[in-house]
Protein chains: 2
Amino acid sequence: MALTQTAETRYTKPVLVAVNKPFDDEDGLQALRSHPLFSELNGKDLQHLIQQSRRIRLGHHQLLYRQDMPAHHFFFVISGRLRLYRLDSSGIDRTLDSIAPGDCFAEVMIYADPPRYACYAEALKSSEVLMIPVKAYQDMLESNPGYAQAALRHYAKRAVSRFHDLEIMTVQSARDRLIRYLIDLLPNGAEEGGEVELPLPKCLVASRLAMQPETFSRILADLKANGLVRVNRSRLFISDPRRLIEISQ
Amino acid sequence: MALTQTAETRYTKPVLVAVNKPFDDEDGLQALRSHPLFSELNGKDLQHLIQQSRRIRLGHHQLLYRQDMPAHHFFFVISGRLRLYRLDSSGIDRTLDSIAPGDCFAEVMIYADPPRYACYAEALKSSEVLMIPVKAYQDMLESNPGYAQAALRHYAKRAVSRFHDLEIMTVQSARDRLIRYLIDLLPNGAEEGGEVELPLPKCLVASRLAMQPETFSRILADLKANGLVRVNRSRLFISDPRRLIEISQ
DNA sequence: AAAACACTTTGAGTTAGATCAATTACTCCC
DNA sequence: GGGAGTAATTGATCTAACTCAAAGTGTTTT
């Protein structure tokens with residue numbers, strides 16, 4: 001059964017303030033080119049896609065779209081950082097994902113039917129995103145079936161990564177979920193430890209991991225006291241990941 | 001960082017007992033044809049794919065594959081039911097998904113690199129699956145780029161559904177997670193209530209929802225006492241979904 | 001039909017984590 | 001640099017959910 005949205009009539013104004021600024025700076029373009037959904041595109045097709053897209057500036061905490069809104073676009077992050085979250089009827093805000101520059105989001109909307117956003121998206125700080133019409137990408141794919149391979153790889157990867165996120169959430173203890181989350185943030189292969197930057201403010205990491213901010217804080221304090229992590233603002237240094245994993249049983 | 005599997009050296013024997021029985025019964029074939037990953041295929045391509053596949057019989061509780069095993073095949077369920085789960089170092093068994101006849105699983109392996117199963121798969125009862133070589137499907141897609149559209153739709157849908165599963169797991173209270181789970185089991189549009197069959201034994205639904213079987217039992221007993229569900233073995237009758245949703249705040 | 005087994009339920013005691021409340025630390029403005 | 005606002009921490013309860021234990025139910029086996 002589809003869960004009908006009962007709350008959330010707060011925002012009545014249109015959400016987006018689109019700035020029709022051309023997307024031509026080298027950095028942003030380069031980042032777009034290296035994304036799997038675009039890397040295979042030839043110059044002309046990419047150019048055409050960009051021409052149909054708009055560049056959006058978002059301020060701190062600005063909402064990009066709301067859950068259940070008809071979805072005609074998907075997005076590529078040029079700069080800044082965003083988060084995806086849901087609100088339930090009692091107004092509780094549950095963080096589902098954070099998005100960094102170079103990432104796409106809501107790109108599943110290309111194949112969604114009906115196309116409605118499954119969550120809210122807001123900027124965590126001043127950000128820029130490229131707003132790509134779903135239709136434009138569909139058309140492009142249709143006339144170039146060869147591009148589908150790259151898209152397939154991307155979607156399969158996305159499904160795996162969501163599966164993995166789900167896996168963490170089946171861990172019962174809050175402490176162990178947090179530890180698993182930290183381990184996953186470590187760059188792949190950093191068995192000998194390393195520094196990690198939380199992609200979200202601590203209170204939102206807590207929400208992402210289905211625990212209270214106070215619980216998050218206490219667990220982290222405890223890990224710190226046991227010499228398992230060193231904390232410096234949102235930067236954590238994990239000296240011995242193996243020991244951390246052992247702790248989490 | 002990749003979490004290296006520490007436990008789990010129990011099963012040393014090969015898992016599969018493959019039966020090279022031809023896949024030609026009308027029912028199974030019909031179900032396969034209606035799956036998005038195969039529905040677009042013309043008769044010849046489908047036949048070729050099936051020829052390269054093997055039909056596997058699995059007994060109750062029989063293991064199909066183990067997590068971290070190299071993945072050269074993906075699967076289509078002909079009959080029975082399976083579940084996907086993970087084991088962590090302390091041997092705790094966490095259920096991630098259940099698979100019904102007509103479903104595919106491990107199909108993301110077609111694009112995985114390196115191809116390793118992310119979890120265990122076992123039969124919940126006597127089942128039959130079609131074991132399809134990843135390579136065979138890849139080859140088929142490569143020579144028929146037009147088939148990619150259907151696959152893309154499938155993968156996008158899969159990603160959405162995993163996202164949705166994740167969303168449920170960010171709900172903090174066990175009670176509310178269970179309610180959300182039940183609501184999702186209801187056929188889409190059954191606002192007026194309906195009967196639902198649990199796709200897993202109760203103790204495994206509990207594991208799927210990151211709670212103890214005792215907790216599951218008590219919550220269900222409580223819902224029953226409040227007239228919100230009627231319970232008959234693994235069949236639940238939900239008379240008033242709206243009220244159930246209201247309860248869960 | 002009885003025994004063995006697996007799953008579920010119920011009870012009692014304990015604890016991890018939520019909640020409420022207060023303090024401290026940052027960050028952003030003016 | 002001071003004040004407002006937000007995020008993070010810490011302390012003190014309280015409760016939802018876990019744990020352990022036992023009994024009940026249904027299913028398969030012999």
Side-chain angles (χ1 to χ4, degrees), chain A residues 59-62 81 83 90-95 98 122-126 169-179 181 197-225 229-236 247-249, chain B residues 59-62 81 83 90-95 98 122-126 169-179 181 197-225 229-236 247-249:
Chain A
H60 185 62
H61 277 170
Q62 193 179 342
R81 188 170 283 274
R83 82 171 169 123
S90 46
I92 292 170
D93 169 325
R94 293 175 295 125
T95 299
S98 67
E122 68 159 25
L124 286 169
K125 50 183 171 182
S126 155
M169 297 310 288
T170 60
V171 173
Q172 287 200 18
S173 95
R175 178 196 200 77
D176 292 353
R177 282 199 304 279
L178 175 50
I179 290 176
Y181 182 78
E197 168 111 41
L198 295 177
L200 295 162
K202 289 173 182 171
C203 63
L204 296 181
V205 174
S207 141
R208 170 59 239 277
L209 296 175
M211 66 182 76
Q212 294 300 316
E214 294 94 327
T215 304
F216 179 95
S217 179
R218 281 186 249 265
I219 293 171
L220 204 59
D222 182 75
L223 293 179
K224 197 162 51 173
V229 295
R230 313 198 74 244
V231 184
N232 178 257
R233 315 210 34 43
S234 71
R235 302 196 147 275
L236 312 185
I247 298 295
S248 81
Q249 330 210 10
Chain B
H60 185 62
H61 278 170
Q62 194 177 342
R81 190 172 282 273
R83 81 170 169 124
S90 45
I92 293 170
D93 170 322
R94 292 176 295 126
T95 299
S98 68
E122 67 157 26
L124 286 170
K125 50 183 171 182
S126 157
M169 297 309 287
T170 61
V171 173
Q172 287 200 19
S173 96
R175 178 195 200 79
D176 293 353
R177 282 199 303 279
L178 174 51
I179 290 177
Y181 182 79
E197 168 111 42
L198 295 177
L200 294 162
K202 289 173 182 170
C203 65
L204 295 181
V205 174
S207 142
R208 169 60 239 276
L209 296 175
M211 67 182 75
Q212 295 299 317
E214 294 94 328
T215 303
F216 179 97
S217 179
R218 280 185 248 264
I219 292 172
L220 204 59
D222 182 76
L223 294 179
K224 196 162 51 173
V229 295
R230 313 198 74 247
V231 184
N232 180 258
R233 315 213 33 46
S234 70
R235 301 196 148 274
L236 311 185
I247 298 293
S248 79
Q249 331 208 9

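Quantities reported herein were computed from a predicted structural model and do not represent experimental measurements. Each chain gets a letter, A, B and so on, in the order its sequence line appears, and its residues count up from 1.
The distance from the CG atom of A:Leu209 to the OG1 atom of A:Thr215 is 11.0 Å, given to the nearest 0.5 Å. Note: B:Leu204 CG to B:Leu124 CG = 6.5 Å, rounded to the nearest 0.5 Å. The CG atom of B:Leu223 sits 5.5 Å away from the CD1 atom of B:Ile179 when rounded to the nearest 0.5 Å.
Extent of DNA chain D lying under 4.0 Å from chain B heavy atoms, first and last nucleotide in 5' to 3' order, is D:dA17 to D:dT27.
With sequence neighbours excluded, the residues that form a side chain to side chain donor-acceptor pair (under 3.5 Å) with B:Arg235 are B:Glu195, B:Glu197. For A:Ser173, the side chain to side chain contact (heavy atoms under 4.5 Å, CB included) partners are A:Arg175, A:Asp176, not counting sequence neighbours. Residues passing the side chain to side chain contact (heavy atoms under 4.5 Å, CB included) test with B:Arg218, sequence neighbours excluded: B:Glu214. For B:Gln172, the side chain to side chain contact (heavy atoms under 4.5 Å, CB included) partners two or more places apart in sequence, or in a different chain, are A:Ala210, A:Gln212. Partners of A:Arg83 by salt bridge (charged side-chain N to carboxylate O under 4.0 Å, His left out), not counting sequence neighbours, listed by chain and number: A:Asp93, A:Glu122.
Taking atom CG on B:Leu236 and atom C1' on C:dT8, their separation rounds to 14 Å, with Å as the unit.
Secondary structure note: stems in DNA chain D built from 3 or more consecutive Watson-Crick or G-U wobble pairs under 3.5 Å occupy C:1-30 with D:1-30.
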Nucleotides 24-28 of chain C: which of its N/O atoms have a protein N/O under 3.5 Å away?
residue	atom	partner	partner atom	Å
C:dC26	O3'	A:Arg233	NH2	2.9
C:dT27	OP1	A:Arg233	NH2	2.4

Can you check nucleotides 12-16 of chain C for protein contacts, nitrogen or oxygen pairs under 3.5 Å, and list what you find?
residue	atom	partner	partner atom	Å
C:dA12	N6	B:Arg218	NH2	3.4

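The stretch residues 206-217 of chain A comes close to DNA chain D through A:Glu214, A:Ser217, each having a heavy atom under 4.0 Å from the strand.
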